[in-house]
2 protein chains.
Amino acid sequence: MTFPVVGMVGGGQLARMTHESGIPLGIRFKLLSDTPQDSAAQVVNDVVIGDYRDLGTLREFARGCDVITFDHEHVPTEHLRALEADGIPVRPGPDALVHAQDKGVMRAKLDAIGVPCPRHRIVADPADVVAFAAEGDGFPVVLKTVRGGYDGKGVWVVDSAEEAAEPFRAGVPVLAEERVDFVRELAANVVRSPHGQAVAYPVVESRQVDGVCDTVIAPAPDLDESLALSAEEMALKIAKELGVVGHLAVELFQTRDGRILVNELAMRPHNSGHWSMDGAVTSQFANHVRAVLDLPLGDPRPRAAWTVMVNVLGGDYPDMYSAYLHCMARDPQLKIHMYGKDVKPGRKVGHVNTYGDDLADVLERARHAAGYLRGTITE
Amino acid sequence: MTFPVVGMVGGGQLARMTHESGIPLGIRFKLLSDTPQDSAAQVVNDVVIGDYRDLGTLREFARGCDVITFDHEHVPTEHLRALEADGIPVRPGPDALVHAQDKGVMRAKLDAIGVPCPRHRIVADPADVVAFAAEGDGFPVVLKTVRGGYDGKGVWVVDSAEEAAEPFRAGVPVLAEERVDFVRELAANVVRSPHGQAVAYPVVESRQVDGVCDTVIAPAPDLDESLALSAEEMALKIAKELGVVGHLAVELFQTRDGRILVNELAMRPHNSGHWSMDGAVTSQFANHVRAVLDLPLGDPRPRAAWTVMVNVLGGDYPDMYSAYLHCMARDPQLKIHMYGKDVKPGRKVGHVNTYGDDLADVLERARHAAGYLRGTITE
């Protein structure tokens, strides 16, 4: 057997879908998962149960892997450096990944390479937040802990010094950002390989509900061609300048005055790229695998005029399987992707993809299916 | 967890690809495999190693499965009946599956329901083969053992009584068939569910080399529309009359005088349907899973004007992974499906799919990739 072993740290749905996409390539997939019940651990053969925060566990896991990659960005940077020192290729590597782990480092780097961001700086205390507000258009101000936030957690929108107290309680550095007057959120997804090849997926529109991604439309409707191109170029530039290997998601604000600003970075397959599983020639997951193995990348172009992804969140209704009957009978073209996770209110437990020529129809089908699975639509 | 468990008997590539296609549905997949090295056993989490010919092993495996289905047709019919008597849904069931296990039973049933087949009858000995030849257009005659053949094994084309001796040596019944004067081979693939819903994939052309499937073109080029329709109707009729649940492949001869005759049946995902993984809205594997769970079936229609599948056979060159660099760089739209099997000359170790608007281009790309992976094309 000459086929390599890809080791993935983290047993979430991104690892599950990466495994699914890697099976056709004949690569061997090894998983480090917190528990045997984790989403990916249910469907992978070679699973190690262990704590990614423990260097000994990581080292033991890495033995026999040809490359290590990630379902999440939480592995401590120093552990990644230790694995690299052991001679294990870590992709993305620690020098790149730190920009997705630490929003302060990320903002400083994007400033340095001239990528437009919301006005920002690290703030010391609530009084400093007041000063930051006064330097710009005043309150509200967005405060973020530099590490550990996701899906709206670790983010506060504050209107006063009093409200600004909370984010400092965790004792980690806090980043202040202007609240951007955006018309919508976009995402530019790119994949880059160690030898420097890179591909860009079409820029998508990403709609959030309560800070959580709800709907992604590929490509972003009514997006000016030059703005789309500049967003793709921006993402490719970030990937290159930060030395990213694998999938990079660049979450963007499209401002009322027609600019594009970087909101967040993620260096792994990303929710804004799930549409590509059914909507692109090569999915983000397949291209992530190809990139970390330094294989030539696959075609990121869309296969349909429109592809829509809607997340399935847990609702009050735990039995999603029984909803399959209605959803599948109503729409034989529907693509369901469930993660094997227990249903808890608000938890991402799956997504659906639809595609076609008529955006209104494609959107309606995806929303109906996701709502029916969740239990918020009952007919 | 309300999601069902699908148990699949047999660890070959069909089980591997069924698992891959079942992951998005969130169903749990349990595998009975001969060895841990089998194609599917490498990528499935819940694997039982055991012998499918042993009823005790099957019974133990079936415990905790909501339904049992198959990677191959070799499980003894009486074992299937025993599992059914235990209350385990077996899909396809023994009464259907026997038609794919025993060519004599299959021919008798197709005669009874009026489906056109090559002239045939069970023959007793070489003298009887001579009599069979004399009843029609003489030699050559095709002889087949009624059980156990596949990929050209268990099939002889004989020109005389002397040559007809060999097939009888195994001591199993032998079926004689006229050698059909065909212009090409076609396959009609359908999927049927327990509640009677059925879908038909477009009829494909299947090209064999040395008795092994080499190339499949979907849809079959230049096929008269009424002939295509009658082939689909024939396959749907067979599925219904034989009580098939799951995927049914009907291998067909298109005769020089414009008729369609049934060659073989397979009641499982089939090589002639591999194109559907990248070329249809819903793949044969996904639809097989939906059928055995009695879920509404997915859309079988093609996503591209032309999809071509070419099998990758083992050649003299064992290191197929290194060929990825060239194949992927040459054709970023290429879809590779490798089975994780050791390379042995002539063994099916994978397949490639290509699709697009220009059949000549799509064919060339698939042939080049398969040849390069095999080592018969080196540039």
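In what follows, chains are A, B, ... by sequence order, proteins preceding strands, each numbered from 1.
In terms of heavy-atom pairs under 4.5 Å with chain A, the best-connected choice from B/Ile27, B/Leu295, B/Asp278 is B/Leu295. For the options A/Met17, A/Arg303, A/Lys335, A/Gln333, heavy-atom pairs under 4.5 Å to chain B are most numerous at A/Arg303. Considering only heavy-atom pairs separated by less than 4.5 Å from chain B, the leading option among A/Ile336, A/Leu293, A/Leu25 is A/Leu25. For the set B/His19, B/Arg330, B/Met320, B/Gln197, the count of heavy-atom pairs under 4.5 angstrom toward chain A peaks at B/His19.
With a threshold of 4.5 angstrom between heavy atoms, B/His351 does not approach chain A through any atom at all. Interface remark: A/His326 contributes no atoms to any contact with chain B (heavy atom separation under 4.5 Å). Only the side chain of B/Arg290 comes within contact range of chain A, judged by heavy atoms closer than 4.5 Å. Only the backbone of B/Asp294 comes within contact range of chain A, with heavy atoms under 4.5 Å apart. Contacts between B/Val43 and chain A at a heavy-atom distance below 4.5 Å involve backbone atoms as well as side-chain atoms. For chain B, no part of A/Asp331 is nearby; none of its heavy atoms comes within less than 4.5 Å. For B/Leu297, the part sitting under 4.5 Å from any heavy atom of chain A is the backbone (N, CA, C, O) and nothing else. Contacts between B/Ala286 and chain A at a heavy-atom distance below 4.5 Å are absent for every atom of the residue.
A cation-pi contact, defined as under 6.0 Å to the ring centre and within 45° of the axis, links B/Lys30 to B/Phe61. Both tests do not hold together for B/Arg301 against B/Tyr201: distance to the six-membered ring centre under 6.0 Å, angle to the ring axis within 45°.
Of the possible polar contacts, none joining the A/Ser283 side chain to the A/Ser276 backbone as a donor-acceptor pair under 3.5 Å is found. Remark: side-chain polar atoms of B/Asn45 are paired, donor with acceptor, to backbone N or O of A/Ala41 under 3.5 angstrom. For the pair B/Asn287 (side chain) and B/His247 (backbone), a donor-acceptor distance under 3.5 Å is absent.
In this structure, the side chains of A/Ser322 and A/Leu325 stay at 4.5 Å or more apart for every pair of heavy atoms.
Checked for salt-bridge contact, B/Arg16 and A/Glu20 miss the test: no charged N lies under 4.0 Å from a carboxylate O.
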Worksheet item: Passes ring-ring contact (aromatic ring centres under 6.0 Å, His included), B/Tyr317 versus B/Tyr372? Steps please.
Response: CA-CA 10 Å; B/Tyr317 193 62; B/Tyr372 197 91; 8.2 Å; no
